[in-house]
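Have a look at this one before I ask anything.
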2 protein chains.
Amino acid sequence: MTADSLTKALDAAEAHCLERGEKLTPVRKRVLELVLEADGPVKAYDLLEALKPGPGSAKPPTVYRALDFLMTAGLVHKVEALNAFVGCSHAHDEGGAELFICSTCGAVEERHGAPLPMNAPEGFMIQRSVVEHFGQCANCRPA
Amino acid sequence: MTADSLTKALDAAEAHCLERGEKLTPVRKRVLELVLEADGPVKAYDLLEALKPGPGSAKPPTVYRALDFLMTAGLVHKVEALNAFVGCSHAHDEGGAELFICSTCGAVEERHGAPLPMNAPEGFMIQRSVVEHFGQCANCRPA
DNA sequence: TCGAGAGCGTGATATTATAACATTCACTTC
DNA sequence: GAAGTGAATGTTATAATATCACGCTCTCGA
Ligand SMILES: [Zn+2]
Ligand SMILES: [Zn+2]
Ligand SMILES: [Zn+2]
Ligand SMILES: [Zn+2]
């Protein structure tokens with residue numbers, strides 16, 4: 001992600017939060033920036049490290065609170081199978097994302113558009129779906 | 001799960017392992033039994049507690065090793081979003097399961113039959129998929 | 001002025017998982 | 001049978017992930 005598109009994404013995120021009546025505070029914005037800068041899924045404690053050039057500040061709750069906020073706002077997704085987080089450029093409030101994660105280079109592609117399960121149990125009402133595909137992206141795919 | 005069907009499942013699991021040239025040792029069998037007995041997803045450290053009526057034995061590696069074995073054998077699935085484990089009565093070596101987990105009663109329904117994503121990125125080769133749906137089962141669904 | 005609530009700092013702790021090394025045991029081979 | 005081998009397990013410690021609980025500081029209006 002270029003510095004320019006990063007700035008744009010952060011501005012868009014800020015606007016998105018305001019629309020929701022919430023504030024993208026400095027800590028939250030910084031965490032989002034770090035997540036977006038990363039080339040792949042990023043761990044909470046790596047964010048924590050990155051956050052504390054400052055002296056005392058930045059303990060686990062700081063980063064987990066920010067991540068919770070960003071996830072609720074639809075700006076960040078958690079990769080459940082990795083305990084890691086990825087940025088979302090779509091800022092969709094609703095609907096889980098479908099993630100394609102390259103195990104080799106770490107690149108993450110995100111798709112939306114409910115891959116509605118044809119085979120849900122009768123009467124099951126889905127509230128949240130976790131869909132994560134792991135494999136090789138086109139670049140890393142063995143010849 | 002009835003005591004009878006539990007016994008059958010364990011016997012079937014044992015046969016399944018033998019076919020694969022592996023052994024369902026007492027520890028592994030006991031862990032599988034505990035997972036199958038549970039009405040829903042079960043946590044590793046709950047298994048650990050259940051394992052140690054015995055004096056010293058049963059430390060974390062014991063249960064994690066057993067779970068790794070059982071997952072590789074296709075007898076148990078990990079619910080990534082819960083850090084918990086569910087038994088699988090199908091014993092499918094290949095292909096991830098599609099899980100429907102009731103957030104109210106904890107019941108887990110499993111479906112197979114790859115709902116192949118229509119919208120995978122061009123050239124992406126999927127090796128493993130995590131598909132977990134959370135919501136309300138027919139019984140727990142609000143009127 | 002003075003709550004009320006959001007956001008955040010801080011210390012402690014809970015939960016989940018693995019590393020590293022020793023021991024046991026079944027099985028093979030000499 | 002003695003000795004070697006490898007899988008499984010026991011054991012100790014620690015790493016990695018996540019949350020609780022409490023208090024402080026703002027801002028915003030009543
Ligand atoms: Zn998204
Ligand atoms: Zn790749
Ligand atoms: Zn299964
Ligand atoms: Zn239910």
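These numbers come from the heavy atoms of this one structure, side chains and all, not from hydrogens, waters or symmetry mates. In what follows, chains are A, B, ... by sequence order, proteins preceding strands, each numbered from 1.
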Inset, instruction - Figure out the CD/P separation between A:E22 and C:dC8, and round it to whole Å. - result: 12 Å
Legend entry - Distance in angstrom units between B:D46 CG and C:dT16 P, rounded: 8 Å
Legend entry - Listed nucleotide nearest any side-chain atom of B:V27, set D:dT17, D:dT9, C:dG9: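 Nucleotide nearest to B:V27's side chain: D:dT9.
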Inset, instruction - Using the side-chain contact (heavy atoms from CB on, under 4.5 Å) rule, take A:V79 and A:F134 through it: C-alpha gap first, then chi angles, then the decisive distance, then the call. - result: CA-CA 11 Å; A:V79 185; A:F134 296 87; 4.1 Å; yes
Legend entry - Rounded distance in Å - CG (B:L70) to P (D:dA8): 12 Å
Legend entry - Euclidean distance, atom CG of residue B:L67 to atom P of D:dA8 [Å, nearest integer]: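 So the two atoms are 15 Å apart, to the nearest Å.
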Legend entry - Nearest non-hydrogen partners of B:F69 and B:K23, listed with the distance: CZ-O, 3.5 Å
Legend entry - Atom-pair distance (CZ on B:F69; C1' on D:dA7), nearest Å: 11 Å
Inset, instruction - Verify whether one side chain among B:E98 and B:H133 offers a donor that lies under 3.5 Å from an acceptor in the other. - result: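 Side chains of B:E98 and B:H133: pair found under 3.5 Å.
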Legend entry - Integer-rounded Å distance: D:dT9 P and B:R30 CZ: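 Value for this atom pair: 15 Å.
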Inset, instruction - Determine, for nucleotides 18-27 of chain D in 5'-to-3' order, which nucleotides have protein heavy atoms under 4.0 Å from the base (write B), from only the sugar-phosphate (write S), or from neither (write -). - result: BBBB------
Legend entry - Check ion pair A:E122-B:R111 (N to O, under 4.0 angstrom): no
Legend entry - Interatomic distance where NZ belongs to A:K29 and P belongs to C:dG7 [whole Å]: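 Computing the A:K29:NZ to C:dG7:P distance gives 16 Å.
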Inset, instruction - Decide whether B:E14 and B:H16 meet the rule of one side-chain donor and one side-chain acceptor closer than 3.5 Å. - result: no
Legend entry - Whether over 12 other heavy atoms sit under 6.0 Å from A:Q127 CD: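 Yes, enclosed.
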Inset, instruction - Would you mind reading off the distance between A:L48 atom CG and C:dG9 atom C1', rounded to a whole angstrom? - result: 13 Å
Inset, instruction - Would you indicate, yes or no, if D:dA8 has its OP1 or OP2 atom less than 4.0 angstrom from a side-chain nitrogen or oxygen of B:T25? - result: no
